[in-house]
S.K.: 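Handing you this structure, nothing more for now.
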Amino acid sequence: MKNYRTGFFAAVAGNLALVAILAGIWWHHQAPQPMATPMAQDSTESPMAASPAALEAPLVPIHISPQRLQSIGVKTGVVERKTVDDEIRATGNVAVDETRLAYVQVRYSGYIQKVFVDATYKYVRKGQALCTIYSPDLVATEREYLVAKQNQQQVAQSTVPGVASSAASLLDASVGRLKQWGVSEKEIARLDATGQVQQELEVDSPTSGYVTERNALPSVAVQPDMRLYTIADLSTVWVQAQVFQEDLGRIKIGDPAALTVDTFPGRTFSGRVNFIYPQVDMDTRTAKVRVVFSNPGLQLKPGMFVNVMLKVPMGQQLVIPATGILQSGTRQIAFVNRSDGYIEPREVQLGARVGDDFIVLKGLRPGEKIVTSANFLIDSESQLQAALGSFVPPPPGAGAASAMNAPQVNADLSSDPTPPRRGSNVFRVKLTDAGGSPISGANVNVTFFMPAMQDMGMAAMRTSVTLADKGNGLYEGSGQLESGGTWQTTIVAKKNGQVIASKQLSVNATGGM
């Protein structure tokens, strides 16, 4: 019994201890944590957080031998200033020129008797008879005219005051009524010549063209508001071109235009902009631009789907072949082939593309030669040579490329710490001649380059360190390495303006990415 009680109290004590431990853990996690003090950031940002502009490699001239340029197929073009025309391409449909439409109507009521033009799209000439109409009102008016004329002739010699003038006034009023009815001078002359009333009056075409609408049918009653025919002169046509809203600001009335249609391969029609409609379609974001074209032989038919090229004169502009531009993402780069054997990558600002050229707004001068082919190969070559500028030309007289790392002057690189690390380092270069004697009074520069690693989101990194002359051939300077890893390193030593040493090597830095 005593052992049972001892075990019971031991178990209770153990449970209380466990509860106390769990309560302490819970309180620790619920208590407010002190705010972490932000660490002072390095003045050099992490490559992972670099802006898009920082992801681009620096632009420094490079040197590639003529043999190498020939082997990779490099061609050059010239930056020139010339008169250019921009071209806006659009589609459209052929339509009737509304200013060349004619409607055939009469001013009297009646009935159609004969129809001479009995189908749409027949061609008619101006003055050609279209149909005849019998109008009781018109017949009565013609009879009144003949009576007034006869009376005027009978009393023309009357000596009674006012009789002759009254008869003449009545005749003039009859002529006026005939003209108000729309009776032609030809019909009035026939009345005068024959003295006979015409029961059916001819309706003639007011213009030459094609009948696009016909409502004149035999025995149909005619009223003044009835359109008998619509006649279109198709010697010129309109084309309603659909132009995107961003191009509207460059178009003005009178600009030349060209038209092509699949029906006539190789044929180009010339016209001019006639009107720009003041409304944009909200679905297609296009506006109609009306272009007028002459239409010999009726080759352009209303309703045709056509291609329109609107030419926008832009005057004298500095242009570069479009193949001479390397689009690097956030920049446009042109490779200038300089006369001293260097190829200089230069950032340029471009305007609109006109045909096979780009308008240059900034960055190039007339007469400069630029690379127009193998741009990507040159860019790759520059990456291999430490990214656009770490490479320097071999000393005069050097032969093969392998001789570039075997100069007469030795350049030995060391660092503190060894090996170098991510962050601040002290770099030293020892210059000695072929006999081992130190070389002083030189300008020494060490460039570290790490190519971009797109899969990891890292931009290309480049650090240049200028070393100070410490005497006895030793040169020293401090520099920052932004990351650990393998750096492509170039040592360049100059004395009296001449390169006396050029060496390339790989340096492994510690500290991680």
S.K.: In Å and rounded to the nearest 0.5 Å, what is the OG1 to CG distance from Thr372 to Asp356?
M.R.: 12.0 Å

S.K.: When you measure from the side chain of Ser205 to the backbone of Val124, do you find a donor-acceptor pair of N or O atoms at a distance under 3.5 Å?
M.R.: no

S.K.: Within the structure provided, determine whether Leu310 and Val273 are in side-chain contact (heavy-atom separation under 4.5 Å).
M.R.: yes

S.K.: Is the number of heavy atoms from other residues, nucleotides or ligands within 6.0 Å of NZ (Lys369) greater than 12?
M.R.: no

S.K.: Pairing donors with acceptors under 3.5 angstrom, does anything connect the side chains of Ser135 and Asp137?
M.R.: no

S.K.: Provide the closest heavy-atom pair for Met304 versus Leu300 in the form atom of the first, atom of the second, distance.
M.R.: SD-CA, 4.1 Å

S.K.: If you take all heavy atoms of Ala95 and Val237, which pair is closest and at what distance?
M.R.: O-CB, 3.6 Å

S.K.: With a 6.0 Å cut-off (strictly less than), is the heavy-atom count around CD of Gln316, excluding the residue itself, greater than 12?
M.R.: yes

S.K.: Are Val96 and Trp238 close enough, and set up right, to give a side-chain contact (heavy atoms from CB on, under 4.5 Å), and what steps lead you there?
M.R.: CA-CA 6 Å; Val96 174; Trp238 287 353; over 6 Å; no

S.K.: Are any non-hydrogen side-chain atoms of Thr207 and Arg125 less than 4.5 angstrom apart?
M.R.: no

S.K.: For residues Tyr210 and Tyr123, establish whether the separation of their ring centroids is below 6.0 Å.
M.R.: yes

S.K.: Salt bridge check: are Arg338 and Glu344 linked by an N-O gap of less than 4.0 Å?
M.R.: yes

S.K.: Quick one: side chain to side chain contact (heavy atoms under 4.5 Å, CB included) partners of Gln299, sequence neighbours excluded?
M.R.: Phe264, Arg267, Phe269, Asn295

S.K.: Should the heavy atoms of other residues, nucleotides or ligands under 6.0 Å from CZ of Phe275 be counted, would the total exceed 12?
M.R.: yes

S.K.: Could you check if a side-chain atom of Lys114 sits within less than 4.5 angstrom of a side-chain atom of Cys131, using non-hydrogen atoms only?
M.R.: no

S.K.: So, applying side-chain contact (heavy atoms from CB on, under 4.5 Å) with Leu248, which one of Val280, Thr286, Ile88 is it?
M.R.: Val280

S.K.: Please say whether more than 12 non-hydrogen atoms of neighbouring residues, nucleotides or ligands are located less than 6.0 Å from OH in Tyr108.
M.R.: yes

S.K.: In Å, rounded to the nearest 0.5 Å, how long is the span from OH of Tyr134 to CD of Glu200?
M.R.: 10.0 Å

S.K.: Decide, yes or no, whether a salt bridge links Arg100 with Glu98 under the criterion of side-chain N to carboxylate O below 4.0 Å.
M.R.: no

S.K.: Does the side chain of Glu368 come within less than 4.5 Å of Arg346's, by heavy atoms?
M.R.: yes

S.K.: Against Leu228, only a single residue in Leu130, Val222, Val117, Val115 fulfils side-chain contact (heavy atoms from CB on, under 4.5 Å); can you say which?
M.R.: Val222

S.K.: Determine the minimum heavy-atom distance between Asp85 and Pro313, stating which atoms define it.
M.R.: OD1-CA, 3.2 Å

S.K.: Is the Lys NZ or Arg CZ of Arg462 less than 6.0 Å from the centre of Phe449's six-membered ring, within 45° of the axis?
M.R.: no

S.K.: Verify, without hydrogens or angle tests, whether Glu142 (side chain) and Leu191 (backbone) share a donor-acceptor contact under 3.5 angstrom.
M.R.: no

S.K.: Closer than 3.5 angstrom, by distance alone: can the side chain of Asp357 be matched with the main-chain N or O of Val354 as a donor-acceptor pair?
M.R.: no

S.K.: Drop me the distance from Thr284's OG1 to Gln242's CD, to the nearest 0.5 angstrom.
M.R.: 6.0 Å

S.K.: Which pair of heavy atoms, one from Lys179 and one from Arg107, lies closest together, and at what distance?
M.R.: O-NH1, 3.7 Å

S.K.: Please enumerate all residues that pass ring-ring contact (aromatic ring centres under 6.0 Å, His included) together with Phe305, with sequence neighbours excluded.
M.R.: none

S.K.: Under 3.5 Å, is there a donor-acceptor pair between the Asn445 and Ser464 side chains?
M.R.: yes

S.K.: Quick one: closest heavy-atom pair of Asn93 and Gly303, and the distance?
M.R.: ND2-O, 3.8 Å

S.K.: Where do Asp255 and Lys252 come nearest, in terms of heavy atoms and distance?
M.R.: OD2-N, 3.0 Å

S.K.: Just verifying a value: how many Å separate Asp233 CG and Ser208 OG, rounded to the nearest 0.5 Å?
M.R.: 7.5 Å

S.K.: Check the pair Tyr145 / Ile188 against side-chain contact (heavy atoms from CB on, under 4.5 Å), numbers first and verdict last.
M.R.: CA-CA 9 Å; Tyr145 170 76; Ile188 296 175; 4.1 Å; yes

S.K.: Can you find a pair of side-chain heavy atoms, one from Leu201 and one from Glu187, that are under 4.5 Å apart?
M.R.: yes

S.K.: Taking Thr268 for the side chain and Thr260 for the main chain, is one N or O donor matched with an acceptor at less than 3.5 Å?
M.R.: no

S.K.: Side chains of Ile253 and Asn274: does their closest heavy-atom pair fall under 4.5 Å?
M.R.: no

S.K.: Kindly indicate, with the supporting measurements, whether the criterion side-chain contact (heavy atoms from CB on, under 4.5 Å) is fulfilled by Gln488 and Gln504.
M.R.: CA-CA 7 Å; Gln488 298 176 12; Gln504 292 180 323; over 6 Å; no

S.K.: Is it true that Arg285 and Gln245 share a donor-acceptor pair across their side chains at a distance under 3.5 Å?
M.R.: yes

S.K.: Is any side-chain heavy atom of Ile333 closer than 4.5 Å to a side-chain heavy atom of Ile325?
M.R.: no

S.K.: Any sub-3.5 Å donor-acceptor pair from Ser294's side-chain atoms to Thr236's backbone N or O?
M.R.: no

S.K.: Taking the side chain as every heavy atom from C-beta outward, state whether Thr489 and Thr447 have any pair of such atoms under 4.5 Å apart.
M.R.: no

S.K.: So does Ile359 get a backbone contact from the side chain of Arg353, meaning a donor-acceptor N/O pair under 3.5 Å?
M.R.: no

S.K.: Does the side chain of Gln240 pick up a donor-acceptor pair with the side chain of Tyr277 at under 3.5 Å?
M.R.: yes

S.K.: Would you compute the distance between atom CD1 of Ile276 and atom CZ of Arg290 and round it to the nearest 0.5 angstrom?
M.R.: 10.5 Å

S.K.: Could you tell me whether Lys126 atom NZ has more than 12 heavy atoms of other residues or ligands within 6.0 Å of it?
M.R.: no

S.K.: Measuring from Ile370:CD1 to Asn337:CG, what's the distance to the nearest 0.5 Å?
M.R.: 10.0 Å

S.K.: Step by step, would you call Gln332 with Gln349 a side-chain contact (heavy atoms from CB on, under 4.5 Å)?
M.R.: CA-CA 7 Å; Gln332 293 86 34; Gln349 184 177 347; 5.9 Å; no

S.K.: Could Glu347 and Lys362 be called an ion pair, given the rule that one side-chain N must be under 4.0 Å from one carboxylate O?
M.R.: no

S.K.: Can you see whether Tyr229 has Arg214 sitting over its ring - NZ or CZ less than 6.0 Å from the centre and within 45° of the normal?
M.R.: no

